[in-house]
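Just so you know, residue 1 is the first one in the sequence shown, and it goes up from there. Keep in mind that what you see is a predicted model, and the values were worked out from it rather than measured.
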Amino acid sequence: MTQKEIQVRQGHRQRLKEQFLKSGLDTFDDVKALELLLTFAIPRKDTKPIARQLLEHFGSFANVLDVPYERLLKVEGITPNAAIMICVLRESARKQILQRSTPDVPLKTLDECGRFLIPYFQGKQNEEVYLLSLDAKGAVITCRRIGEGSVNSANVPVRKIVAAALDANATAVVLAHNHPSGVALPSKEDIHATTAVQNALDAVGIQMIDHVIVADGDYISMKQSNYLPVWK
């Protein structure tokens with residue numbers, strides 16, 4: 001690359017940054033937004049073709065941010081640093097949402113609990129299990145990731161869920177997991193696992209008030225949907 005080409009590219013990158021500082025991303029299409037983002041991790045290449053490659057593979061800016069590290073690396077032009085940066089951006093946005101979503105008032109309804117739990121699964125490509133622990137007034141004590149996998153998997157044993165509830169000194173809990181497939185309906189295995197967890201928590205005097213399944217930014221309450229024959 002000649003010195004003149006370097007100067008032209010640097011000038012273009014500077015104009016992108018100035019436009020961003022002036023108007024944010026509102027005036028950027030998806031290609032330009034990704035092009036700008038990639039300039040911070042890929043210093044000596046034209047990032048527009050790489051941005052277009054990402055969109056051809058994944059469809060939109062939002063979809064790109066949801067892609068796991070290993071799949072990003074399969075796109076021509078994406079370096080490890082660029083893939084890490086995209087993943088950090090996704091997790092940073094998620095962390096900001098979670099920190100701002102913790103309520104100052106108790107969660108008094110099942111709907112409030114469900115809406116509170118949705119951001120914990122934003123951008124998750126694999127099934128994960130969380131336990132929301134509440135005090136006697138419904139105030140949030142903790143919302144803890146129990147493990148990766150379905151509720152009935154070996155990675156999420158019932159005793160681990162009970163231990164987390166006891167550690168939090170919870171009066172009541174809401175169990176939550178996600179279905180990355182986008183279908184929130186519980187499986188037979190989900191129902192059987194929920195019964196086992198409910199019985200184990202009952203034995204130590206902790207109320208399980210719901211099991212929430214999150215998919216595509218929405219959720220199903222197993223209690224409200226009557227998926228268990230008896231809900232104590």
Side-chain angles (χ1 to χ4, degrees), residues 1 4-105 107 111-126 128 130 140 143 145 176 178-184 212 214-219:
M1 183 182 298
K4 184 177 181 179
E5 289 173 330
I6 292 173
Q7 290 175 347
V8 169
R9 184 162 297 166
Q10 288 175 341
H12 176 64
R13 290 183 172 212
Q14 184 59 35
R15 287 189 293 275
L16 286 176
K17 294 173 184 176
E18 289 172 354
Q19 183 179 348
F20 170 75
L21 290 174
K22 182 179 179 180
S23 57
L25 289 179
D26 291 344
T27 59
F28 284 58
D29 60 18
D30 284 2
V31 172
K32 187 180 285 188
L34 286 170
E35 180 187 5
L36 172 62
L37 180 63
L38 293 171
T39 62
F40 296 99
I42 304 175
R44 288 183 290 274
K45 285 186 178 181
D46 182 0
T47 58
K48 182 178 286 187
I50 304 172
R52 286 175 173 159
Q53 283 283 330
L54 286 169
L55 292 173
E56 285 178 10
H57 277 75
F58 306 117
S60 70
F61 182 87
N63 288 346
V64 170
L65 294 190
D66 284 340
V67 177
Y69 173 81
E70 292 78 10
R71 288 184 66 195
L72 288 168
L73 286 179
K74 294 179 181 179
V75 177
E76 185 178 356
I78 289 292
T79 64
N81 280 345
I84 289 171
M85 183 183 64
I86 291 171
C87 294
V88 169
L89 181 61
R90 173 179 67 243
E91 292 301 313
S92 297
R94 180 171 166 273
K95 188 176 183 68
Q96 181 189 39
I97 291 171
L98 291 178
Q99 288 189 346
R100 288 183 172 176
S101 66
T102 301
D104 296 325
V105 296
L107 300 174
D111 285 335
E112 288 177 352
C113 292
R115 290 194 299 270
F116 172 80
L117 285 160
I118 288 174
Y120 283 84
F121 299 97
Q122 179 179 328
K124 297 296 183 180
Q125 302 295 318
N126 300 315
E128 294 189 2
Y130 277 81
V140 176
C143 190
R145 181 181 180 274
N178 61 321
H179 283 178
S181 64
V183 179
V212 168
V214 177
D216 280 346
D218 203 356
Y219 71 93

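- One finds the CG atom of L34 at 12.5 Å from the NZ atom of K48 (value rounded to the nearest 0.5 Å).
- Considering only heavy atoms from C-beta on, F121 stays 4.5 Å or farther from D216 through its side chain.
- Heavy-atom neighbours of K17 NZ from other residues, nucleotides or ligands within 6.0 Å: above the threshold of 12.
- Not a single donor-acceptor pair under 3.5 Å links the side chain of Q125 to the backbone N or O of P180.
- Between the side chain of R90 and the backbone N or O of Q122, no donor-acceptor pair lies under 3.5 Å.
- For the pair L89 and M85, the minimum side-chain heavy-atom distance is 4.5 Å or more.
- More than 12 heavy atoms of other residues, nucleotides or ligands shown are found within 6.0 angstrom of CD on E18.
- Using a 4.5 Å cut-off on side-chain heavy atoms (C-beta onward), R13 and T47 make contact.
- Not a single donor-acceptor pair under 3.5 Å links the side chain of N81 to the backbone N or O of A41.
- Using a 4.5 Å heavy-atom cutoff, the side chains of Q19 and S23 are in contact.
- Put simply, CZ on R94 and OH on Y120 are 8.5 Å apart, with the number rounded to the nearest 0.5 Å.
- Atom CZ in F58 sits 5.5 Å away from atom CG in L72 (nearest 0.5 Å).
- Smallest separation of non-hydrogen atoms from A51 and V31: CB-O, 3.6 Å.
- In this structure, CD1 on I84 lies 8.0 Å from CG on L73, to the nearest 0.5 angstrom.
- Atom CD1 of I78 sits about 10.0 Å away from atom NE2 of H57, to the nearest 0.5 Å.
- Put simply, the side chain of L54 reaches to within 4.5 Å of the side chain of L38, judged on heavy atoms.
- Here the shortest heavy-atom pairing between F20 and L36 reads CB-CD2, 3.8 Å.
- The shortest distance between side-chain heavy atoms of L37 and I86 falls below 4.5 Å.
- S60 places a side-chain N or O within donor-acceptor distance of the main-chain N or O of N63, the cut-off being under 3.5 Å.
- Taking the ring centre of F28 as origin, the terminal cationic atom of K32 falls inside the region bounded by 6.0 Å and 45° from the ring axis.
- The SG atom of C87 sits 8.0 Å away from the OH atom of Y69 when rounded to the nearest 0.5 Å.
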